[in-house]
Each structure stands twice: as C-alpha cells, then as structure tokens.
Amino acid sequence: MRRLVTGLALLAALSGCSRKEQRSVEPATPAPVDSAAKADAPGAILLLSADTRGYLGPCGCSENMRGGIARAASQVKEARKGALPVLYVDGGDSLFGEPKLKPEQVPQEERKAKALAEAMKGMGLTVRATGELDDARGAGFRQGLGLPELEPGGVKVLAAGARKVGVVSAADAAGLKQAATKARAGGAAFVVGLFHGTVQEAQQAVSTPELGVDLVLATHTASEFDGEENKLVRDAVPIVALQSKGRSLLRVDLAYGAKPGHFTLQKTAEDSEREASSIERRLALMDKEINLPGISPDRKQLLQQKREELVARRQTLLTAPVAAAGEGDSFSVRFVPLESTLPSDPAAQAVVNTYDADVGKMNLEWAKAHGQDCPAPEKGQAAFVGNTACAECHAESFPVWEASKHHHAWKTLEDVGKQFHLNCTGCHVTGWEKPGGVCRLDKVAGRENVGCESCHGPGSLHAEDPSADNIVARPGQDMCVTCHNRENSPHFDFATYVPRILGPGHGQPLTVKPKP
C-alpha cells in the first residue's frame, strides 16, 4: 500500500509544553504585618495546598491552564496584606510526581523539588505534612530542603489571632483522634486534620465518635482522575480535597465570636458558593470554545476578555472577608482555582524562571555523560526510520503535514527554552523512548517534531515492503490521546481535531495529480 495517511492529531493543540501563557505579574508586595500586631485578631485565614506532585506550573499545552506556585504565592501574599493572621499549610505529596525515578529523571526532579521548596519558604510556609511522593529521593534529601515538616502522627499548635489552630497529620481515624487530643491539650481551638488518604477513606474516618478535628483535608487520590476536581463533603466533620498538581488552593476563614467554643461551618455563604459554581460552569464552556482548532482571533479575544472578567468576579467572591455567624466561633471553606489570568508573585516566578534556565542544561549534560540508546526492536518488529524515508513514497502527504502544528512541535519548545525538559520531550519527538527510537536528549536530531511515525507507528518494515499489514494506515483516537490527554489537552475531541491535520494527499483525494 503506497499511500501513507500521516499523522492524526497528536499535537494539534499540543504546541506544547511549549506555548508560553500570558502571565500578569503583580508588583512586589510589602512585607507582612508583624504577627504580634495581629495577636488579638478576631479571626484568621488558613491557605492550604496538597498533592502538588512536583508541579511548578502547568505545561502550557492548552489555553487557560490552572496552577503554578507563583500564582499560589501571590494569593498567600495578598491575603497577608489584610488585618488577619495568615497560615500557609501544605498537605504533602508535593515535591515529586512519582515514588520512584529513572536515573535520567533524577537531575531534573531534584532541581524541581528544590525550586518548590524555595518558593514555599518564600511564601512563609508554616508547616507541611509528608507523603510517599515526597520521599522519591529519600528522607535525607527531603529533610535537607529545610521545610517545616510534620511527620505522620505529628501535631503543631499555632497562634492565629485570638485563638490557636492545631494542624495534625495522620493516615487513619485512630491517628487523627490521638493527634487531635494532643492539639486540644496544647490549646488549639480549631484543628485541621491532614489526612493521607482518599475522600472515601476520610469519610470512614470521620464517622469515629469524638474525632476531635474540625476539618479534614484528604491529601491522597486513588487514581489520576480523582484529582481533577475540588471536593467538599459536608459530613459530621467537613472533608475537602484539592485539585491535584497545584491547580487550586483551599481557603479557610476562621471567625471568632464573643463566646469561644466549638467551630461551626457557616451556611451563610451558600449564595456566594452557588454564584461561584455558576461562574465555574461558564468558564468551562468558554475554555472549550477558546481551545477549538480554527477559532477566529476576534472571537477568541472576545471570549478571553469575558473570561477574565468572570475570573475577577469570582475571585472577589472567594476572597471577601467573612464575619462571625452569631456569637460563637465559625469557619468557612472556599476553593481558590489558580486561573491563568491571576497575578504571579515576582519572587516565586523568578524561582521558576531560574529552574527553567538550569534544568535543560542539566538534562543535556546528563544525557551526554550517561545516556543510553534505545534498545533495538525485537526480531520481526519495526524500527523508526524518520520522515525522509516516508517522503520517498508519500511526497504528496507532506504539504499538509508541513502546514500543521505537528510540523512545528519542536520549535514550540525551543521558543520557550524547554526543548530539553523531560516532561515535554516525549510529545515533541518521534519515537521517544521506544524500541528502535530515540532515548537520548543529545541525539534527537532528525527525529524532532510529530512526524509520520508518531501517528502511524515505526515504519522500517513498511519502507522495505509497503503493505497495509505492517503500518497503522488510519490511526484512531487511542493513538492521539497518548499526548492529547486530559492534562495536556483537556478539551481534545477526536472528531473536531482530526480535520485540522487532513488534506489533499493526506487522508483526502488529491485534486491535482502530482507531477512525476
């Protein structure tokens, strides 16, 4: 079979880990008010993160991607401008994304963990729990970062204006109860449980009588998809879970009444919650349209303007001061999505920029010194041969491919200096880390971009003996979503994207026969 239908949409929107999002950067913020001046404050603000999984920021493969330590830092510093004390707490599993690293990942991931730790210190991190992802490089490495840690079963009692707040860490109901008892004995009026388990496991834990905590943050997810949404379960003890990968913060506002006592979850903010939820749904619809291939620039600009207005409106709802409900102590919980139009803290952004500048050089140096070529394919299996071999028989397909974003995938990384970032390379190089492909950053020459074999599979057998049986003639959706996954391309729709990379000679009949 001499027609090779090259490329079905691996990267139509994945221009990549590549496209640099527009980032508004706020001016430098003044130093926080001295804590002594807030000693009698009638409330406090807790800002919590968890399950960041080693993400300094979103990859930038799609428009309006949430997240980023610099945006989180801006929220913390903005809150500290107010009259109430602010405690920033991390629930753990933040330093790394995998419990075990391959040798080639170590330089990059260690450098990233150090950058995260530096940014957290700059944010005035009060305390953080630890999870198994934090120990990907061992407890010694983790402890060497100098973060204020809370080991499993640990207790930390913190001044928070006119009351004290207890932060406890545990992985089961018994651990929560024991730690909460210690926190109460230390004077804590409000206790947050950092629970290293899923929401479902937390629900079982809070059914324990007299658990002693006022709020549980479930910091662990059972699967990749479990971390896609913020969750609030209004149980006997409220349970919350954050979007993974640093895409949202949790804001807890404590309001102290005239009569100290048990904290109750406020219901007066339900109208604001409903409006914020309505805005969330509208933003999701806008994002889907903004990310459509071929959207007109004018329409896109209009939607982006409206989107920015909605984000600002919701941000006002999420950060408005909360007063005490009645004479007793109360609290409210609000999720703060770190949208792309929110400002970034300059100091934290500088940490990220330095990391970006360092890590590509480190990875390239490692590859030159220690890199190993990919193993050869097993006997009878195809190897990768590159686009030149494909063009010998399928020259009519190349004008369509050359006009697509697939053809420019490597340049999109070069434009932002991320061509040697291991998180991005796999979807911008043909045959990355596959038998007969390329496994070294210093040997990608000739395999850059999303080429024919990215979609149709390795082509050596087909080049030697063209046949419909030894090539993927019409790749399907399963092939595309290896890169167009929910993280990189959350709005990907196979039927919508495919027409963008088809044309005469490439999936469609030629209108004019090519010259011999």
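- We find that D345 and R71 are not joined by a salt bridge, their nearest charged nitrogen and carboxylate oxygen being 4.0 Å or further apart.
- Here CG of L95 is found 6.0 Å from CG of L145. Values are rounded to the nearest 0.5 Å.
- Closest of all the heavy-atom pairs between T221 and D226 is CB-CB, 3.7 Å.
- Salt bridge present: D329 and R163 bring a charged side-chain N and a carboxylate O closer than 4.0 Å.
- The pair E110-R137 meets the salt-bridge criterion, since a charged nitrogen lies less than 4.0 angstrom from a carboxylate oxygen.
- D135 has a carboxylate O that lies under 4.0 Å from a charged side-chain N of R142, or vice versa, which qualifies the two as a salt bridge.
- In this structure, S74 contributes its side chain and S344 its backbone to no donor-acceptor pair below 3.5 Å.
- You'll find the side chain of Y497 stays beyond 4.5 Å of the side chain of C480, heavy atoms only.
- Remark: E98 does not engage R53 in a salt bridge, criterion side-chain N to carboxylate O under 4.0 Å.
- The heavy-atom pair separating A323 from A255 by the smallest distance is C-CB, 3.7 Å.
- One finds the CD atom of Q204 at 8.5 Å from the CD atom of Q200 (value rounded to the nearest 0.5 Å).
- A 4.5 Å side-chain heavy-atom check between L242 and D51 finds every atom pair outside the cut-off.
- Nearest heavy atoms, R234 versus L265: NH1-CD2, 3.3 Å.
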Open item on the list: Please evaluate residues E118 and K121 with respect to the criterion salt bridge (charged side-chain N to carboxylate O under 4.0 Å, His left out), reporting the C-alpha separation (whole Å), side-chain torsions for both, the decisive distance (0.1 Å), and the verdict.
Closed with: CA-CA 5 Å; E118 183 180 352; K121 291 175 186 177; over 6 Å; no

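- For the residue pair H484 / Q477, no side-chain donor-acceptor distance below 3.5 Å is found, with atom types taken as modelled.
- Of the N and O atoms on the side chains of D356 and N353, not one donor lies less than 3.5 Å from an acceptor on the other residue.
- Salt bridge absent: R314 and E275 never bring a charged side-chain N and a carboxylate O closer than 4.0 Å.
- Using modelled atom types, one finds a donor on one side chain and an acceptor on the other under 3.5 Å when comparing Q108 with N363.
- The pair E104-R440 fails the salt-bridge criterion, with no side-chain N (NZ, NE, NH1 or NH2) lying under 4.0 Å from an Asp/Glu carboxylate O.
- A donor-acceptor contact under 3.5 angstrom links the side chains of D90 and S94, judged on distance only.
- If you check the side chains of Y88 and S49, you find a donor sitting under 3.5 Å from an acceptor.
- Taken from CD in Q315 to CG in L338, the straight-line distance is 8.5 Å, to the nearest 0.5 Å.
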TODO: Go through the steps for E132 and H196 under the test side-chain hydrogen bond (donor to acceptor under 3.5 Å, both in side chains), then give the verdict.
DONE: CA-CA 10 Å; E132 67 269 15; H196 191 67; 2.6 Å; yes

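- How far NE2 of H491 is from CG of L285: 10.0 Å, rounded to the nearest 0.5 Å.
- Across all their heavy atoms, A367 and L441 have their closest contact at CB-N, 3.9 Å.
- Scanning all heavy atoms of the two residues, the minimum distance from G43 to L84 falls at O-CD2, 3.6 Å.
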TODO: Start with the C-alpha distance between I239 and V206, add both sets of side-chain angles, then the distance that settles side-chain contact (heavy atoms from CB on, under 4.5 Å), and finish with yes or no.
DONE: CA-CA 9 Å; I239 301 166; V206 302; 3.9 Å; yes

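- Within a 6.0 Å sphere centred on NZ of K231, heavy atoms belonging to other residues, nucleotides or ligands number more than 12.
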- [ ] Evaluate the salt bridge (charged side-chain N to carboxylate O under 4.0 Å, His left out) criterion for residues E289 and K300: first the C-alpha distance (whole Å), next the side-chain angles of each, then the deciding distance (0.1 Å), finally the verdict.
- [x] CA-CA 8 Å; E289 184 174 354; K300 184 174 181 177; over 6 Å; no

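- Looking at residues two or more places apart in sequence or on another chain, you find a salt bridge (charged side-chain N to carboxylate O under 4.0 Å, His left out) between R184 and D214.
- Look at R66 and E280 and you find a salt bridge, because one of the NZ, NE, NH1 or NH2 atoms lies within 4.0 Å of a carboxylate O, short of that distance.
- Between C59 and C424, the two SG sulfurs stay at or beyond 2.5 Å from each other.
- A salt bridge between K368 and E365 is absent, with no side-chain N of the basic residue lying under 4.0 Å from a carboxylate O of the acidic one.
- Within the structure, side chain to side chain donor-acceptor pair (under 3.5 Å) pairs that include any residue of residues 301-311 comprise N64-Q304, D287-R307, R307-E339 (at least two apart or interchain).
- V252 has its side chain out of reach of I45: every pair of non-hydrogen atoms, C-beta onward, lies at least 4.5 Å apart.
- For E201 against T198, the heavy-atom pair with the smallest separation is OE1-N, 2.9 Å.
- Within a 6.0 Å sphere centred on CD of Q178, heavy atoms belonging to other residues, nucleotides or ligands number 12 at most.
- Residue-environment remark: NZ (K156) stays at or below the threshold of 12 foreign heavy atoms within 6.0 Å.
- Separating the SG atom in C427 from the CH2 atom in W432 is a distance of 12.0 Å, to the nearest 0.5 Å.
- The side-chain contact (heavy atoms from CB on, under 4.5 Å) test with P337 is passed by exactly one of L342, L249, L318: L318.
- In this structure, OH in Y256 is found 9.0 Å from CZ in F190, a value given to the nearest 0.5 Å.
- Atom CD of E414 sits in a crowded spot, with more than 12 heavy atoms from other residues, nucleotides or ligands closer than 6.0 Å.
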